[in-house]
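First the structure, in the form of structure tokens, and then the observations on it.
In what follows, chains carry the letters A, B, and so on, assigned in the order in which the sequence lines appear, proteins first and then strands, with residues in each chain numbered from 1. All of these numbers come straight from a predicted model, not from anything done at the bench. What you see below is based on every heavy atom in this structure, not just the backbone, and it leaves out hydrogens, waters and symmetry mates.
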Amino acid sequence: MAVQKPSVPKGTRDFSPTEMVKRNFIFDTIKGVFKLFGYLPIETPAMENLTTLLGKYGEEGDKLLFKVLNSGDYLSKAKSDLSKAGSSSFALEICEKGLRYDLTVPFARFVVQHLNDITFPFKRYQIQPVWRADKPQKGRYREFYQCDVDVIGSNSLLNEVELIQIIDQVFQKLAINAVIKMNNRKILSGIAEAIGQPEKFMDITIAIDKLDKIGIEKVNKELLSKGIDSGAIDKLKPIFELKGSNQDKLISLTTILKDSEIGLDGVKEVEMVFNYFDSLPLNTELELDLTLARGLNYYTGAIFEVKAKGIQIGSICGGGRYDDLTGVFGLKDVSGVGISFGADRIYDVMEQLNIFPDEIVASTKVMFVNFGEKEEKYCLPLVQKLRENGISSEIYPSSAKMKKQMTYANNKNIPYVVMVGENEIEKGILSVKDMMKGEQLELNFEGLLQKITS
RNA sequence: GUGGUUGUAGCUCAGUUGGUUAGAGUGCUGGAUUGUGGUUCCAGAGGUCGUGGGUUCGAUUCCCAUCAUCCACCCCA
């Protein structure tokens, strides 16, 4: 067989040890905050039945699902004629599974399937990869990790408050300067009603989502092309140009939406959430952004999106309330709310800002140089004793040239190298080299311990 | 799915207006220094110039196709 150039599929990546250390730092921080708020972990399979996934993410999302070919002689079992069927409907005959697209829909499936074992409100977190058959580009991968927290079976706005607190704490711990944008789908519905276009709610939503990216003119053009008349568009304009504090915006909205029951409902919800933070200080900026819409069509109430300040990358966290996601699986009237942290984008942001703490990279603290069989046997118990004291230690696996062993320690950023050869064994001491300072000391084991832990 | 960018050593990139032997930095291996890394000096290994076709006496260079890549749009974490 011809030698093939090794590569990974488009949009997927390998992670080196240094990258993994940093990634784990992100995962551990996020997980730590989740636990602090009383959330418990679950995991679901990489693959779901396509029937579970299809139709939950809108037309665009369905196209981005990775489908898994059935095993065996899948063609003979297909009913349609290959040449006649459209490729998408044919795909459904030869694929019954797909890779998960997010963690929220599998979670909804999980809740319904394990109803008997769950006590509501159910708070869970889930950190697993998801896959999207997207065209990769900056900040966009085909395989990436989401860190989801959701609480299902509770209408209380306290959950929204809690999620904002979680976002606040996570980004504070990661030292990312972020801004939380919040809106409410009910307000957006209300606006659609107020301008006399309630049935065009989804189109309006998608168009205004692009406002800060493409500007008001192009949004208007898109709205026109969706069949919204210019009179309605004119009414829309002042709403999105509302200035001032969150309070000011809410007051103006109350007048604009005075005839829309659902709109006022949304305003009230947002107001209540904001009120909690009068006596609950936040580190992160919290902003009511009326142009925030989000494409996923299962959201019904509050919606969130978090952006890193000063970094050109999509949102690093997003989520919202979904009132009936479990409905399609047969469980009605159960409301949930959750958010998802995009670990890979958070990584990119932190890398760009160079804000990973230095100390997380250190792995081995002490390396013993290997001088030969006799010395190995002398050193191994010492290495073990260090480990018992909680110090990561290793001995070089072969008596290679000193230079090579030192280079290894240097490349691995090992701060201390211990040399025990014939001389040291005879004198009963350890030669300890501090790789940062370049100085070398003769110590006994206690001295070594003290030096490292000081 | 639409439009563009780039593809030369493990990595980052020069270069060739078409010509015989393909360049640097960095990394790697060895030596100066047989028990001392990070600095310095010397030497060495490492290339189907993305792949396939065309033009030509001759193509890494020009043309076409294709794949990969990154970026923008769509959409999204």
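- Rounded to whole angstrom, the span from the CH2 atom of Trp131(A) across to the P atom of A77(B) amounts to 17 Å.
- Side-chain nitrogen and oxygen atoms of Gln146(A) include none within less than 4.0 Å of the OP1 or OP2 phosphate oxygen of A77(B).
- Within 4.0 Å of Glu60(A), counting heavy atoms only, lie sugar-phosphate atoms of the nucleic acid but no base atom.
- RNA chain B is contacted by both Lys135(A) and Arg140(A); Lys135(A) maps to the nucleotide lying nearer its 5′ end (nearest heavy atom per residue).
- The residue Tyr145(A) sits apart from the nucleic acid: no heavy atom pair falls under 4.0 Å.
- Residue order along RNA chain B, read from the 5' end via each residue's closest nucleotide, puts Gly11(A) first among Gly11(A) and Gly342(A).
- Rounded to whole Å, atom C1' of U36(B) lies 4 Å from atom CE of Met402(A).
- Base pairing of U16(B): no nucleotide in any strand meets the Watson-Crick or G-U wobble criterion (both distances under 3.5 Å).
- Taking atom NZ of Lys403(A) as the reference point, atom P of G37(B) lies 6 Å away to the nearest angstrom.
- The aromatic rings of Tyr57(A) and Tyr101(A) sit tilted, their planes meeting at an angle between 30° and 60°.
- Judged purely by distance below 3.5 Å, without hydrogens or angles, the side chains of Glu162(A) and Tyr39(A) pair a donor atom with an acceptor atom.
- With both ends at atom C1', the span from G25(B) to G1(B) equals 41 Å, rounded to whole Å.
- With both ends at atom P, the span from C62(B) to G15(B) equals 13 Å, rounded to whole Å.
- When the P atom is used for both A65(B) and U2(B), the distance is 15 Å, rounded to whole Å.
- In this model, no side-chain donor or acceptor of Asn410(A) finds a partner on the base of G38(B) within 3.5 Å.
- G27(B) and G38(B) have their C1' atoms separated by 15 Å, given to the nearest Å.
- Contact annotation for Glu422(A): base contact, defined as any heavy-atom pair under 4.0 Å involving a base atom.
- Separating the CD atom of Gln312(A) from the P atom of C76(B) is a distance of 18 Å, rounded to the nearest angstrom.
- Distance Asp148(A) CG to A77(B) P: 10 Å, rounded to the nearest Å.
- Pairing of C28(B), defined by two Watson-Crick or G-U wobble distances under 3.5 Å, is identified with G44(B).
- Rounded to an integer number of Å, the gap from Met419(A) CE to U36(B) P is 10 Å.
- Separation of the P atoms belonging to U56(B) and A14(B) is 32 Å when rounded to the nearest angstrom.
- A distance cut-off of 5.5 Å between ring centres, combined with a plane angle under 30°, leaves Tyr408(A) outside any stacking arrangement with the base of G37(B).
- Of the candidate nucleotides G37(B), C71(B), C75(B), G37(B) has the atom nearest to the side chain of Met435(A).
- Residue Glu424(A) is classed as a base contact, given a heavy-atom separation below 4.0 Å to a base.
- Between C74(B), U36(B), A77(B), one nucleotide has an atom nearer to the side chain of Gln440(A) than all others, and that is U36(B).
- Contact annotation: the side chain of Ile429(A) never approaches that of Leu443(A) to less than 4.5 Å [non-hydrogen atoms, C-beta and beyond].
- Figure legend. U66(B) is base-paired to G50(B); pairs are counted as Watson-Crick or G-U wobble with both atom distances under 3.5 Å.
- Out of C71(B), U2(B), A68(B), the shortest distance to the side chain of Lys138(A) is found at C71(B).
- Lys385(A) forms a cation-pi arrangement with Phe445(A), by the criterion of a distance under 6.0 Å to the ring centre and an angle within 45° of the ring axis.
- For the C1' atoms, the distance linking U16(B) with U26(B) amounts to 23 Å, nearest Å.
- Which of C75(B), A77(B), A68(B) sits closest to the side chain of Lys10(A) comes down to A68(B).
- Contact check, Lys401(A) against U36(B): no side-chain N or O comes under 4.0 Å of OP1 or OP2.
- Separation of the P atoms belonging to G23(B) and U60(B) is 16 Å when rounded to the nearest angstrom.
- Gly421(A) comes within contact range of at least one nucleobase, with a heavy-atom separation under 4.0 Å.
- Here, C76(B) and G37(B) have their C1' atoms 47 Å apart, quoted to the whole Å.
- A cation-pi geometry, defined here as NZ or CZ lying under 6.0 Å from the six-membered ring centre and within 45° of its normal, does not hold between Arg321(A) and Tyr299(A).
- When both distances must be under 3.5 Å, the Watson-Crick or G-U wobble mate of G38(B) does not exist.
- In this structure, Met406(A) places its CE atom 9 Å from P of U36(B), rounding to the nearest Å.
- Distances were taken from every side-chain heavy atom of Arg132(A) (C-beta onward) to each of G35(B), A77(B), U29(B); the shortest belongs to A77(B).
- In this structure, Tyr101(A) places its OH atom 11 Å from P of C75(B), rounding to the nearest Å.
- Taking the six-membered ring for Trp and thresholds of 30 and 60 degrees, Phe110(A) and Phe122(A) have nearly parallel ring planes, at less than 30 degrees apart.
- The side chain of Asn411(A) contributes no N or O atom lying less than 4.0 Å from OP1 or OP2 of G27(B).
- In this structure, Gly61(A) reaches neither bases nor backbone, as no heavy-atom distance under 4.0 Å exists between it and the strands shown.
- Relative to the ring axis of Phe107(A), Arg124(A) places its NZ or CZ within 45° and under 6.0 Å from the centre.
- Ring pair Phe25(A)/Phe356(A) is perpendicular by interplanar angle, where above 60° counts as perpendicular and below 30° as parallel.
- In the interface, the side chain of Lys433(A) is paired with the base of G37(B) through a donor and an acceptor atom under 3.5 Å apart.
- Counting only heavy atoms from C-beta on, Ser431(A) has its side chain closest to G35(B) among G38(B), G35(B), C71(B).
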